[in-house]
Amino acid sequence: PLERDAALSGLNRSLELEARSALAYAVAAGSLTGMEVQHLRSELYGFALRELEDTRRLVEKIVALGGEPSTKVATVSFDAEPRKALGKLVRNDEETLDALVEVIQHTGSEAEGEALEHLIEHLLLRKQEQIDFLRRALA
């Protein structure tokens, strides 16, 4: 069965990290300087929008499960050096992936838990594609 309290705790931790990602991508999109990185700005802004969408989806799921969504945002940091900024985005996303994966162990095998697991898998896939993009940009 779905371990509701544990799942909600993990979802709220993931929500705080997801909110950080939305802001971090927007900051990176607006602050990267140098001719060699200008082409990345629109892609990063697109990632910020998708992160915000995922943030909304996590809030909806937390509320649907009877929980209260966290309004905390994990700490966002700024780095003016583009390679370091992109590296931080990768590390942030990896931390969020880990938090989302932890929720899966509490979903159980009933319909409600399976649906939650499917949502998480969708978020994981999208976020992994972002990480892959950033790693290719950094290579």
Side-chain angles (χ1 to χ4, degrees):
L2 173 66
E3 298 170 25
R4 194 170 306 275
D5 289 342
L8 284 168
S9 176
L11 286 169
N12 266 313
R13 174 67 183 140
S14 298
L15 175 60
E16 293 169 8
L17 296 171
E18 196 67 49
R20 172 185 68 187
S21 289
L23 181 55
Y25 275 104
V27 167
S31 65
L32 288 183
T33 58
M35 213 160 66
E36 69 281 0
V37 293
Q38 291 309 296
H39 65 285
L40 294 175
R41 294 180 68 216
S42 63
E43 191 72 35
L44 295 175
Y45 181 64
F47 290 161
L49 294 174
R50 289 186 283 282
E51 294 288 350
L52 192 55
E53 174 71 14
D54 288 351
T55 299
R56 180 192 58 81
R57 294 178 82 184
L58 285 171
V59 168
E60 288 175 349
K61 183 49 75 175
I62 290 165
V63 171
L65 290 174
E68 184 175 313
S70 175
T71 56
K72 296 177 186 173
V73 177
T75 302
V76 178
S77 61
F78 169 76
D79 201 307
E81 201 282 302
R83 292 188 76 73
K84 289 181 182 177
L86 295 179
K88 283 182 184 180
L89 293 172
V90 169
R91 288 188 298 280
N92 286 350
D93 277 353
E94 289 172 338
E95 184 179 3
T96 307
L97 284 179
D98 290 343
L100 288 165
V101 167
E102 285 183 31
V103 176
I104 292 174
Q105 67 185 341
H106 304 292
T107 59
S109 59
E110 295 168 350
E112 187 176 37
E114 288 288 334
L116 173 57
E117 184 174 344
H118 185 72
L119 169 65
I120 291 169
E121 289 169 346
H122 175 79
L123 300 177
L124 291 171
L125 174 62
R126 196 200 60 71
K127 190 169 282 297
Q128 185 63 56
E129 288 173 344
Q130 274 178 196
I131 292 171
D132 294 346
F133 174 87
L134 292 172
R135 285 182 178 152
R136 288 190 310 272
L138 287 166

Fill in: Gap separating the NZ atom of Lys127 from the CZ atom of Arg50, nearest 0.5 angstrom
11.0 Å
Worksheet item: Is it the case that one hydrophobic cluster holds both Val90 and Val101, taking links as side-chain heavy atoms less than 4.5 Å apart, direct or via other members?
Response: yes
Item to complete: Say whether Leu97 and Leu134 are linked into one hydrophobic cluster, either directly or through other cluster members, by side-chain heavy-atom distances under 4.5 angstrom.
Response: yes
Worksheet item: Leu49, Leu44: one ILVMFWY side-chain cluster at the under-4.5 Å cut-off?
Response: no
Worksheet item: Is the shortest distance from a Lys or Arg side-chain nitrogen in Arg4 or Glu112 to a carboxylate oxygen in the other one below 4.0 Å?
Response: yes
Worksheet item: Would you say the side chain of Asp54 lies within less than 4.5 Å of the side chain of Arg57, judging by non-hydrogen atoms?
Response: yes
Practice prompt. Nearest 0.5 Å please: distance from the CG atom of Leu32 over to the NE2 atom of His39.
Written response: 10.0 Å
Discussion item. Would you say that Glu114 contacts His118 through its side chain, given a criterion of any heavy-atom pair below 4.5 Å between the two side chains?
Written reply: no
Worksheet item: Do Asn12 and Glu16 meet the criterion of a side-chain donor-acceptor pair at a distance under 3.5 Å?
Response: no
Worksheet item: Near Glu68 CD, under 6.0 Å, is it more than 12 heavy atoms from other residues, nucleotides or ligands?
Response: no
Discussion item. Regarding Glu95 and Arg13, does a basic nitrogen lie under 4.0 Å from an acidic carboxylate oxygen?
Written reply: yes
Worksheet entry | Check against side chain to side chain contact (heavy atoms under 4.5 Å, CB included), Leu40 and Phe133 | CA-CA 10 Å; Leu40 294 175; Phe133 174 87; 3.8 Å; yes
Practice prompt. Please report the closest heavy-atom contact between Ala7 and His106, naming both atoms and the distance.
Written response: N-CB, 4.0 Å
Worksheet item: Any side-chain heavy-atom pair from Val37 and Leu86 closer than 4.5 angstrom?
Response: no
Worksheet item: Nearest 0.5 Å, what's the CG-OG distance between Leu123 and Ser14?
Response: 8.5 Å
Worksheet item: Do you reckon Phe47 sits in the same ILVMFWY cluster as Leu23, going by side-chain contacts under 4.5 Å, direct or chained?
Response: no
Item to complete: Can you see which heavy atom on Leu52 is nearest to which on Ala22, and at what distance?
Response: N-CB, 4.0 Å
Worksheet item: Quick one: CZ on Arg41 to OG1 on Thr33, what's the gap to the nearest 0.5 Å?
Response: 9.0 Å
Worksheet item: Looking at OG of Ser9 and CD of Glu3, how far apart are the two atoms once the value is rounded to the nearest 0.5 Å?
Response: 11.5 Å
Discussion item. If hydrophobic clusters are built by linking Ile, Leu, Val, Met, Phe, Trp and Tyr wherever their side-chain heavy atoms come under 4.5 Å apart, do Val103 and Leu124 end up in the same one?
Written reply: yes
Worksheet item: Any side-chain heavy atom of Thr96 within less than 4.5 Å of one from Leu100?
Response: yes
Practice prompt. Apply the test side chain to side chain contact (heavy atoms under 4.5 Å, CB included) to residues Leu8 and Ile62: give CA-CA distance (whole Å), side-chain angles for both, the deciding distance (0.1 Å), then the verdict.
Written response: CA-CA 6 Å; Leu8 284 168; Ile62 290 165; 4.0 Å; yes
Worksheet item: Does atom OH of Tyr45 have more than 12 heavy-atom neighbours from other groups under 6.0 Å away?
Response: no
Worksheet item: For the salt bridge (Lys or Arg N to Asp or Glu O under 4.0 Å) test, which of Lys88, Arg91, Lys84 pairs with Asp79?
Response: Lys88
Practice prompt. First locate atom NZ of Lys61, then atom CG of Leu15, and finally report the distance between them rounded to the nearest 0.5 Å.
Written response: 14.0 Å
Discussion item. So Ser21 and Asp93, do their side chains get closer than 4.5 Å, heavy atoms only?
Written reply: yes
